[in-house]
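Hydrogens, waters and symmetry mates are skipped; everything else that's a heavy atom, side chains included, is used. Start at 1 with the first residue, then count along the sequence. Being a predicted model, the structure only gives us computed values, none of them experimental.
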Amino acid sequence: MAGTFRTALKLTGLSILAIVCIQLHISINKPWYRYKLMRLQILTFLQTVMSYGSYYLYRTYKISSLWKKFAVIVIVLTHVSFFAQYMFISDNPSIVTIVPFLAFGCHVFMCLGTLCADIGTFLFIPFTMKISVAYQKFKLNFVPVCAIILTLWSFINTILPPQHSTVHVPINGLDPKLNNLHIIHLSDIHVGPTTGKVFVDWLVNEVNTYNPDVVVITGDLVDSSVKNLRNAVWNLKNFKSKYGTFYVTGNHEYYTNDVDNWLNYLRDQLGLITLHNQHHVIREGNASLCVAGIDDIQAEKMSYTDHSPDPVTATEGCPDDTPIIMLAHQPKAAKLTIKSLPRVDLVLSGHTHGGQFFPVHIPVYLANPYFAGLYKVSADTHVYVSRGLRFYGAPTRFLSYPEFTSVYLNSNFLNIQYSVVIMSTFSWLVCVLLLPSVASLYFHMWETDVKCFVEEVPDETMISGKYKVEVYDDKAEQFVNKDGIGMHVDIKDPEAKVILSKYYTNEGQFVFTTHTPGEHHICLSPNSTRWFSGGSRLRVHLNIDVGEHANDYKQIQAKEKLSELQLRVRQLLEQVDQITKEQNYQRSREERFRFTSESTNTRVLWWAVAQTSILLLVGAWQMRHLKGFFEAKKLV
């Protein structure tokens with residue numbers, strides 16, 4: 001008992017020292033001193049936290065000779081890893097840094113696993129007192145084995161090539177000349193003790209295979225000084241993109257205490273476009289796009305007074321009515337940007353690593369306004385948060401994959417989506433996205449197949465579909481027109497009510513008007529009499545017009561004897577009416593989404609309250625039961 005008290009006292013002393021370091025860190029305004037003190041602060045804080053975990057592991061596994069030795073090795077390597085982070089920096093990582101950081105990951109998994117096992121022991125001992133010894137032996141062997149497996153699995157996830165993700169973002173006012181502009185978004189590369197030149201060279205070659213128009217690096221590129229990592233990042237100059245490679249700082253650049261040298265080196269030696277609260281205008285003829293970047297919010301805490309994030313300054317001078325793409329490392333900086341600017345179309349961020357490994361997901365999710373992936377903040381503003389390419393600290397990725405992302409900017413985004421659903425005998429599905437108001441495509445099917453399109457449109461909207469069916473001729477080895485093959489068209493509204501159900505010939509047109517907003521199912525099936533799958537192979541040409549595009553204006557002009565000006569005015573009025581319907585529909589969708597979100601959050605909250613109440617009641621009952629048990633056994 002006395003030994004435990006002395007250990008707790010020592011750990012508490014380390015905690016007090018960490019708090020003192022934090023207070024000194026806040027009071028010193030010189031970056032160099034802050035950098036040195038910050039190192040001491042981080043080392044002290046991490047050593048303190050991990051010391052509690054190390055003591056907990058040693059106390060648990062000291063009764064097992066095998067796992068006691070393993071726990072000691074893990075504990076020692078874990079505490080060494082914090083120093084290796086600063087002492088062993090080279091062009092490529094070595095085993096001296098990789099192994100201690102792997103031990104750090106295993107340390108975390110063992111602590112969490114042991115804690116969960118102890119909670120289980122506490123909850124179920126009163127019911128299973130006779131098998132508690134067996135359970136203890138099981139725990140001593142099961143938890144370390146699981147920790148080793150999870151560590152190796154997580155490490156393998158960091159070795160495998162990062163996932164390539166693709167997102168399409170609608171940009172209001174983007175000139176058609178810049179439509180489908182391809183941006184490769186990179187973040188959190190963390191070149192340093194565990195990532196080196198080999199990975200950077202692979203990344204450059206991999207990115208170049210996608211032929212991007214723009215490459216952006218949104219911070220946390222390095223974890224050491226230019227002097228240590230100059231050669232490791234040298235190949236970044238070989239990125240091949242039409243408009244250049246853009247870079248903004250992350251919080252780790254400021255931790256290096258060499259951020260200004262990094263900005264100069266990347267700009268002057270490697271040719272990157274560094275955005276230090278600045279912007280760069282991409283031009284294609286008379287089309288333009290403003291790419292801006294702000295410094296990381298950590299700069300102020302590190303006393304870099306000239307590096308404070310300033311979205312207003314960064315975008316000052318961007319051409320009027322030009323879309324703005326903002327590069328901001330942290331999601332908090334993304335939120336600051338949206339609040340500070342009257343217009344920002346897309347913010348690209350990183351920092352969160354998608355949680356990196358469970359259960360770090362939980363505090364990271366709670367600490368950031370955006371966690372990972374694409375967020376639609378408003379009708380014209382989106383935020384994309386990358387999960388990052390690498391990792392920081394332990395080389396582990398558990399329930400969070402590394403990624404780099406292709407971001408396509410679309411001037412005409414798909415407001416109305418068509419999902420093609422292919423239903424054969426086994427009801428298998430395939431989805432296809434079509435254009436917002438005009439859809440033209442062809443597809444293959446068999447005589448017994450049914451293909452359905454799910455079209456989401458507002459109410460009182462006219463939809464017209466034209467189709468043509470061709471049959472494959474084995475002798476001619478091509479598709480030909482053939483009489484006798486007709487098409488059955490079945491259309492249902494969002495409430496599954498049949499709007500239209502009719503047989504047509506091998507070429508025809510169907511027209512209907514929606515009366516309920518939402519998803520309308522348009523199903524096409526040949527008029528085959530076969531009972532089993534197969535038959536002739538068909539090719540169906542299909543063209544779908546939505547809204548005012550479904551009108552035959554030449555016929556309307558001839559019928560109503562309209563002049564060219566009157567016809568244009570009528571077209572314009574019907575276009576305005578269609579846009580108004582779509583806006584109203586989108587508002588109703590957003591309202592339903594908010595209601596569903598609020599309802600879900602309320603249910604989750606009450607479920608959490610109920611779980612907590614049950615846990616407290618069970619805990620109180622268990623304590624009372626244990627007290628009676630120990631008194632009966634005269635242990636207290």
Just checking, any donor-acceptor pair under 3.5 angstrom between side chains of [X] and [Y]?
{"X": "Asn277", "Y": "Asp295", "answer": "yes"}
{"X": "His382", "Y": "Asp345", "answer": "no"}
{"X": "Asn208", "Y": "Asn205", "answer": "no"}
{"X": "His252", "Y": "Asp223", "answer": "yes"}

With a 6.0 Å cut-off (strictly less than), is the heavy-atom count around CH2 of Trp202, excluding the residue itself, greater than 12?
yes
Is a side-chain N or O of [X] found less than 3.5 angstrom from the main chain of [Y], in a donor-acceptor match?
{"X": "Glu253", "Y": "Gly250", "value": "yes"}
{"X": "Gln356", "Y": "Arg390", "value": "no"}
{"X": "Asp213", "Y": "Ile183", "value": "no"}
{"X": "Asn368", "Y": "Val364", "value": "yes"}
{"X": "Gln330", "Y": "His351", "value": "no"}

For Ser400 and Arg387, run side chain to side chain donor-acceptor pair (under 3.5 Å): C-alpha distance rounded to whole Å, both residues' side-chain angles, the deciding distance at 0.1 Å, then the answer.
CA-CA 8 Å; Ser400 173; Arg387 291 175 173 83; 5.1 Å; no
Full working for side chain to side chain donor-acceptor pair (under 3.5 Å) between Thr352 and Tyr365
CA-CA 8 Å; Thr352 66; Tyr365 177 82; over 6 Å; no
If we only count heavy atoms from C-beta on, is the Leu221 to Leu266 side-chain gap below 4.5 Å?
yes
Contact check, side chains of Lys237 and Gln269, non-hydrogen atoms, under 4.5 Å:
no
Cation-pi geometry met for Arg397 and Phe357 (6.0 Å, 45°)
no
CA sep, side-chain torsions, deciding dist, call: Ser165, Thr405, side chain to side chain donor-acceptor pair (under 3.5 Å):
CA-CA 5 Å; Ser165 304; Thr405 309; 4.6 Å; no
My understanding is that only residues two or more places apart in sequence, or in another chain, count here; which of them pass ring-ring contact (aromatic ring centres under 6.0 Å, His included) with Phe155?
none
Partner set under ring-ring contact (aromatic ring centres under 6.0 Å, His included) for His79, not counting sequence neighbours
none
Check whether the ring centres of Tyr254 and Tyr304 lie less than 6.0 Å apart, and answer yes or no.
yes
Is it true that His107 and Phe104 have ring centroids separated by less than 6.0 Å?
no
With sequence neighbours left out, the residues meeting side-chain hydrogen bond (donor to acceptor under 3.5 Å, both in side chains) with Asn92 are none
Applying side-chain contact (heavy atoms from CB on, under 4.5 Å), can you list everything that pairs with Leu341, at least two apart in sequence or on another chain?
Pro311, Val312, Thr315, Met326, Thr337, Val344
Pairs involving residues 215-250, ordered by first then second residue, that meet ring pair (Phe, Tyr, Trp, His ring centres under 6.0 Å) (sequence neighbours left out):
Phe246-His280
Reported OG-to-CG distance for the pair Ser349 and Leu327, which is rounded to 0.5 angstrom:
8.5 Å
Relative to each other, are the rings of Tyr370 and Tyr375 parallel, tilted or perpendicular (30° and 60° limits)?
tilted
Show, in sequence, the C-alpha distance, side-chain angles and deciding distance for Thr78 and Ser81, and conclude whether the side chain to side chain donor-acceptor pair (under 3.5 Å) test is met.
CA-CA 5 Å; Thr78 296; Ser81 67; 5.7 Å; no
With Lys62, which residues qualify under salt bridge (Lys or Arg N to Asp or Glu O under 4.0 Å), at least two apart?
none
